[in-house]
Amino acid sequence: MATLLQGKQLTAKIKAVLEADIKEFRQRVGTVPVLASIEVGDDKRIGIYTSMQRRAAEGLGIEYRLKHFAGNITEQELIDQVHQLNGDESVNGIIVQLPCPAHIDDRKISQRIRVDKDVEGIHPENLGRLLLGQARVIPCTAAAAMELINATGIDLSGKNAVIVGRSEIVGKPLIFLLLEKSPTVTICHSGTSKAGKLEEFVGSADILVAAIGKPALIKGSWIKEGAIVIDVGINQVGDTLVGDVEFGTAQRRASFITPVPGGVGPLTVFMLMRNLINAAKLQRGFGG
Ligand code: NDP
């Protein structure tokens, strides 16, 4: 039976480090770090994310400034708002809650965030730094998945790591994070499934990361005995949340597995706060 990898167990350690960093920041700068959050429209899911972010930020002593805009704001007006925050020296980091309404190009908005205020690590320069192994900020969900893998204490060198899902915030950044630990990395996507090869790749994984967004798409019986299973997926099925991996059977085969909810999710928001604090310190010429 697999050991559960629970995000909450790691957050206490991470929080202690962040609290010490914030204390140092306050002593040296005289203010607290500020995170500006842009929310467009009234999507309930985004409301859940922003309240989680506010709770985490304020719990650490970070100021969380939420800017809410009506769903009919134009793309140009939103870009102007981002520019305004870019120029506001009291703001250390900016996050745009995605997705924006359909008439707005998410990527166009996110890429206008000043590179040193990009706390999600999705600016092209920050992604380039990640590829070069010189990251200053790491996309939060990928960072959380990697923290959990590291928490197993297993040496990844020469192992097979398989990622399912190639999004820019999870799958793709994880390629580079994993490669630093020297496993052989394979990335699967819908084309792998269409070719009927997903089960075979999953079955070869010593480390499996599922970031798909389809409930229990990965069958427990596909999991290699002793694998580390990181389930990033969050899917609402009726009244419950489930991951992308069929949990019950997978838990019997894996050596470590993340539950959903309670695995990657609780850590992600603290990765955002870590990015903010690192950005704030770099802006003031210390840290990094
Ligand atoms: P995206 O929708 O951006 O990407 C999903 C990926 O899954 C795509 O690469 C897609 O392939 C692949 N995929 C879809 N269907 C299949 C299939 N049948 N077989 C193999 N691959 C498939 O999702 P995100 O990366 O944004 O999110 C993934 C999941 O993680 C979601 O459930 C989301 O809610 C959750 N999430 C959780 C977070 C947390 O904090 N725990 C934070 C962010 C996301 P293709 O590219 O070919 O279309």
Side-chain angles (χ1 to χ4, degrees), residues 4-8 10-11 14 37 43-53 55-56 95-100 102 105-107 110 119-122 127 137-149 151 162-178 185-205 208-219 222-223 229-237 240-247 257-275:
L4 281 184
L5 284 170
Q6 286 171 312
K8 268 199 181 141
L10 287 186
T11 55
I14 292 168
S37 165
D43 186 326
K44 271 197 190 134
R45 282 169 310 168
I46 288 181
I48 295 170
Y49 297 147
T50 53
S51 20
M52 272 170 47
Q53 289 164 8
R55 209 175 318 128
I95 175 170
V96 179
Q97 308 296 336
L98 301 179
C100 290
D105 180 344
D106 288 349
R107 194 182 263 185
S110 293
V119 286
E120 290 192 280
I122 53 175
L127 287 171
V137 286
I138 298 171
C140 310
T141 313
M146 202 61 216
E147 287 284 337
L148 287 159
I149 294 170
V162 175
I163 306 163
V164 189
R166 57 176 162 183
S167 73
E168 282 157 23
I169 57 165
V170 195
K172 284 183 185 168
L174 259 173
I175 298 173
F176 303 107
L177 295 176
L178 280 163
V185 180
T186 304
I187 188 151
C188 303
H189 42 77
S190 58
T192 319
S193 277
K194 276 188 204 128
K197 292 184 175 163
L198 190 62
E199 177 176 353
E200 181 187 331
F201 280 112
V202 168
S204 72
L208 174 73
V209 182
I212 309 158
K214 296 205 168 147
L217 180 86
I218 309 273
K219 301 302 163 216
W222 299 357
I223 304 292
V229 178
I230 308 293
D231 192 349
V232 177
I234 303 176
N235 308 289
Q236 182 95 38
V237 176
T240 52
L241 290 180
V242 299
D244 291 337
V245 178
E246 197 182 41
F247 185 80
I257 190 166
T258 56
V260 177
V264 179
L267 260 188
T268 305
V269 71
F270 287 98
M271 297 295 107
L272 175 67
M273 301 307 150
R274 184 162 79 182
N275 284 345

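In each ligand, atom 1 is the first atom listed, and ligand 1 is the first ligand listed.
Taking only nitrogen or oxygen atoms, main chain and side chain alike, Ser193 reaches within less than 3.5 Å of ligand 1. Residue Arg166 has at least one N or O atom closer than 3.5 Å to an N or O atom of ligand 1.
Proximity of atom 6 (C) of ligand 1 to the protein is indicated by at least one non-hydrogen atom lying closer than 4.0 angstrom. Within the 4.0 angstrom cut-off, atom 27 (O) of ligand 1 has no protein heavy-atom neighbours.
Contacts with ligand 1 closer than 4.0 Å are made by heavy atoms of both the backbone and the side chain of Ile212. At a 4.0 Å heavy-atom cut-off, ligand 1 touches Thr268 through the side chain alone. Contact annotation: for Leu217 versus ligand 1, heavy atoms closer than 4.0 Å belong to the side chain alone. Here Ile234 has heavy atoms under 4.0 Å from ligand 1 in both its backbone and its side chain.
Residues Met271 and Ile138 have side chains not in contact (no heavy-atom distance under 4.5 Å, counting atoms from C-beta outward). No side-chain heavy atom of Val229 sits under 4.5 Å from any side-chain heavy atom of Thr258. No side-chain heavy atom of Ile230 sits under 4.5 Å from any side-chain heavy atom of Leu208. In this structure the side chain of Glu168 never reaches within 4.5 angstrom of the side chain of Pro173, judged on heavy atoms. Considering only heavy atoms from C-beta on, Ser204 comes within 4.5 Å of Val162 through its side chain. A heavy-atom distance below 4.5 Å is not found between the side chains of Val164 and Val209. Val242 is not listed as a side-chain neighbour of Phe247, based on a closest heavy-atom distance of 4.5 Å or more. Ser37 places a side-chain heavy atom less than 4.5 Å from the side chain of Gln97.
Close approach of ligand 1 to Ser190 is summarised as follows: ligand atoms under 4.0 Å from at least one heavy atom of the residue are 11 (O), 20 (C), 21 (N), 22 (C), 45 (P), 47 (O), 48 (O). Counting atoms of ligand 1 from 1 in the listed order, those under 4.0 Å from a heavy atom of Ala211 are 5 (C), 6 (C), 7 (O), 28 (C). Atoms of ligand 1 lying under 4.0 Å from at least one heavy atom of Ile169, given by number and element, are 26 (O). The contact set between ligand 1 and Gly165, taken as ligand atoms under 4.0 Å from a residue heavy atom, comprises 6 (C), 7 (O), 9 (O).
Closest protein heavy atom to atom 15 (N) of ligand 1: Lys214 NZ, 3.1 Å. Here the heavy atom of the protein found nearest to atom 38 (C) of ligand 1 is Thr141 CG2, 3.7 Å. With respect to atom 29 (C) of ligand 1, the closest heavy atom belonging to the protein is Gly213 N, 3.7 Å. Looking only at heavy atoms of the protein, atom 21 (N) of ligand 1 is closest to His189 C, 3.2 Å. The protein heavy-atom contact nearest to atom 35 (C) of ligand 1 is Val232 O, 3.5 Å. Of the protein's non-hydrogen atoms, Ser167 OG, 2.6 Å is the one closest to atom 25 (O) of ligand 1.
Each side chain to side chain donor-acceptor pair (under 3.5 Å) pair with one or both residues in residues 265-274, not counting sequence neighbours, appears once here: Glu147-Arg274.
For Asp43, the salt bridge (charged side-chain N to carboxylate O under 4.0 Å, His left out) partners two or more places apart in sequence, or in a different chain, are Arg45.
Within the 4.0 Å heavy-atom cutoff, Gly265 counts among the residues contacting ligand 1. The shortest separation from a heavy atom of Val170 to ligand 1 is under 4.0 Å, placing the residue in contact.
Taken from CG in Leu267 to CD1 in Ile14, the straight-line distance is 5.0 Å, to the nearest 0.5 Å.
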Audit row: Glu120, Val137, side-chain contact (heavy atoms from CB on, under 4.5 Å) steps and yes/no: CA-CA 7 Å; Glu120 290 192 280; Val137 286; over 6 Å; no

